There are 2 protein chains.
Amino acid sequence: MSQPAELCEEGRLALIRDVLERIGDKWSVVVICQLDDTTRRFNELSRMSSPITKRMLSATLQGLERDGLVTRTVYDTKPPRVDYALTPRGISLLKVVRELAGWAEANAAGILESRSGYDAR
Amino acid sequence: MSQPAELCEEGRLALIRDVLERIGDKWSVVVICQLDDTTRRFNELSRMSSPITKRMLSATLQGLERDGLVTRTVYDTKPPRVDYALTPRGISLLKVVRELAGWAEANAAGILESRSGYDAR
DNA sequence: CTGTATCCCCCAGGATACTG
DNA sequence: CAGTATCCTGGGGGATACAG
């Protein structure tokens, strides 16, 4: 009787929240974007992601690896070297992130305007 | 000389983070989904979003209104009545959220598998 | 019915120091 | 170079009571 609203179905909302907890943290998206296309080493990511600490970079990468979004390959040379890269699943996520980016760019100005209107009231 | 990597450009990453802070909080997406298509009253949203507290619902709605994603219309009847609905901008965001939902559904199984593999190691 | 005001706890994540 | 181990703080968000 009520509307379909399939989107609101419990499990579906839970899934969305899951993704958001994955990419909604402070650094995951940044790291994923830096891994776009190429493989990168730990320090490289550290520098590119600017004020991230090693601790958080490490934690972020572990989370992403756990979910099968990045691969971690260790070469036991001296000094040690570790490469990170996106998996196919990570790449597919990056595509969704691009959608997000598109929406953000298209609406940034409007949102800022809306905010100042709201605040000055 | 280095790769284009337009996606990683500073401002662009900042925009993405902005969106994520908007929809990455605990309740925004839930509320937005419940507003899909129709206008809803405060208590209606409160019940539909299950264990959300009034405090958080109020805060979430204010945030969404501030960004021009939902409208708030007050009828001064007795007892009071307030209706919330998505703005066009909110609807456009909902579309992006659907993309997210699609990705989540398509990858949920794989991610769970990847996790258990990672944890059992 | 539609909120606001308080209090309070927990933990994401920063700073810093140390290790193989 | 590539991390781990500790310590510590801010604020997101729950519970509860009150208000128009």
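Below, read A as the first sequence line, B as the second, and so on, with proteins coming before strands; counting in each chain starts at 1. All figures in this text were calculated on a predicted structure; none of them were measured in a lab.
For the pair A:Arg40 and A:Tyr84, the cation-pi test (distance below 6.0 Å, angle within 45°) is failed.
Taking the charged nitrogens against the carboxylate oxygens, B:Asp36 and B:Lys95 have no contact shorter than 4.0 Å, which rules out a salt bridge. Salt-bridge check for B:Arg121 with B:Asp119: failed, with every basic side-chain N at 4.0 Å or more from each acidic carboxylate O. Using a 4.0 Å cut-off between a side-chain N of Lys or Arg and a carboxylate O of Asp or Glu, B:Arg12 and A:Glu105 qualify as a salt bridge. Using a cut-off of 4.0 Å between Lys/Arg side-chain N and Asp/Glu carboxylate O, A:Arg115 and B:Asp18 are scored as salt-bridged.
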Show the numbers, then the answer: is there a side chain to side chain donor-acceptor pair (under 3.5 Å) between B:Asn43 and B:Ser46? CA-CA 5 Å; B:Asn43 255 3; B:Ser46 185; 4.7 Å; no

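Comparing B:Arg47 and B:Ser58, the nucleotide of DNA chain C nearest to each residue sits closer to the 5' end for B:Arg47.
From B:Leu64, atom CG reaches atom CZ of B:Arg22 across 5.0 Å, with rounding to the nearest 0.5 Å. Taken from CZ in A:Arg89 to CD1 in B:Ile111, the straight-line distance is 5.5 Å, to the nearest 0.5 Å.
In summary, contact between chain B and DNA chain D, defined as any nucleotide atom under 4.0 Å from a heavy atom of the protein, begins and ends at D:dG13 to D:dG20 in the 5' to 3' direction.
Heavy atoms from other residues, nucleotides or ligands lying under 6.0 Å from CD of A:Glu44 number more than 12.
In this structure, B:Glu65 atom CD and C:dT2 atom P are separated by 15 Å, rounded to whole Å. Protein atom CZ of B:Arg81 is 9 Å distant from nucleotide atom P of C:dT2, rounded to whole Å.
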Treat primed atoms plus P, OP1 and OP2 as sugar-phosphate and everything else as base, then score nucleotides 5-20 of chain C 5' to 3': B for base contact with protein heavy atoms under 4.0 Å, S for sugar-phosphate contact only, - for none. BB------BBB----B

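Residues from residues 66-78 of chain A with heavy atoms under 4.0 angstrom of DNA chain C: there are none.
Side-chain N/O atoms of B:Trp27 and B:Ser49 include no donor and acceptor closer than 3.5 Å.
When heavy atoms are screened at a 4.0 angstrom cut-off, B:Gln62 is found touching the sugar-phosphate backbone but no base atom.
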